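See structure below.
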Amino acid sequence: MMKNKKEQLPSIYVSEVKDNPDGNCTVTFDTNKAFDELYKKEKGRSRVSKKGLGNYVLELIEKGIAKEDGYNIQKLKKNG
């Protein structure tokens, strides 16, 4: 059975951004399997760790904000 093409794309789902008293923020996110596989390939890892994935996502967010290396942050449109 062929998976939906959208499900095959590496995706990050940000569910919460919380401001902290020290001026930093905490971002809660989930990734799909395709994203996890991309992370392992890009970073030469054999497994996904919370810390490693967090650092990689931060790197991608920074590139998306700066629009570097072809990255760009987009807000998903809600259906309805």
Side-chain angles (χ1 to χ4, degrees):
M1 184 171 153
M2 182 86 166
K3 286 187 177 182
N4 181 324
K5 187 174 183 176
K6 191 173 184 176
E7 289 182 26
Q8 294 176 4
L9 295 174
S11 300
I12 304 169
Y13 306 95
V14 176
S15 57
E16 181 181 28
V17 178
K18 180 180 171 186
D19 290 325
N20 297 324
D22 65 0
N24 289 319
C25 68
T26 301
V27 178
T28 304
F29 63 90
D30 291 307
T31 59
N32 65 0
K33 185 174 179 153
F35 186 89
D36 293 347
E37 294 302 317
L38 174 68
Y39 160 74
K40 290 190 295 186
K41 180 180 177 185
E42 291 285 319
K43 295 299 180 179
R45 308 282 187 202
S46 59
R47 64 181 184 88
V48 176
S49 69
K50 186 176 179 178
K51 182 178 179 181
L53 192 60
N55 288 336
Y56 183 60
V57 169
L58 178 59
E59 178 184 324
L60 295 179
I61 290 171
E62 289 172 342
K63 285 183 177 185
I65 290 169
K67 295 184 179 174
E68 293 177 351
D69 298 334
Y71 290 95
N72 192 1
I73 294 177
Q74 298 178 16
K75 182 176 181 179
L76 292 177
K77 294 179 184 177
K78 292 184 178 183
N79 294 331

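These figures come from a predicted structure and were not determined experimentally.
Partners of Glu62 under the side chain to side chain donor-acceptor pair (under 3.5 Å) rule, at least two apart in sequence or in another chain, do not exist in this structure. The salt bridge (charged side-chain N to carboxylate O under 4.0 Å, His left out) test applied to Glu37 returns Lys40, not counting sequence neighbours. Asp19 meets the side chain to side chain contact (heavy atoms under 4.5 Å, CB included) test with Cys25; sequence neighbours excluded.
In this structure, the separation between CG on Asn72 and NZ on Lys63 is 14.0 Å, given to the nearest 0.5 Å. The distance from the CG atom of Leu53 to the NZ atom of Lys43 is 11.0 Å, given to the nearest 0.5 Å. With rounding to the nearest 0.5 Å, the separation of CD in Glu59 from OH in Tyr71 is 7.5 Å.
Nearest heavy atom pair, residue Tyr39 against residue Arg47, reads CE2-O, 3.9 Å.
No side-chain donor-acceptor contact under 3.5 Å links Thr31 to the backbone of Ile12. Between the side chain of Asp22 and the backbone N or O of Asn24 there is at least one donor-acceptor pair closer than 3.5 Å. In terms of modelled atom types and a separation under 3.5 Å, the side chain of Asn32 and the main chain of Leu9 share a donor-acceptor contact.
Follow the hydrophobic side-chain contacts under 4.5 Å out from Val17 and you reach Ile65 in the same cluster. Taken together through direct or relayed side-chain contacts under 4.5 Å among Ile, Leu, Val, Met, Phe, Trp and Tyr, Tyr13 and Leu58 form parts of separate hydrophobic clusters.
A donor atom on one side chain and an acceptor atom on the other are found under 3.5 Å apart for Asn20 and Thr26.
Phe29 and Phe35 have their aromatic ring centers separated by at least 6.0 angstrom.
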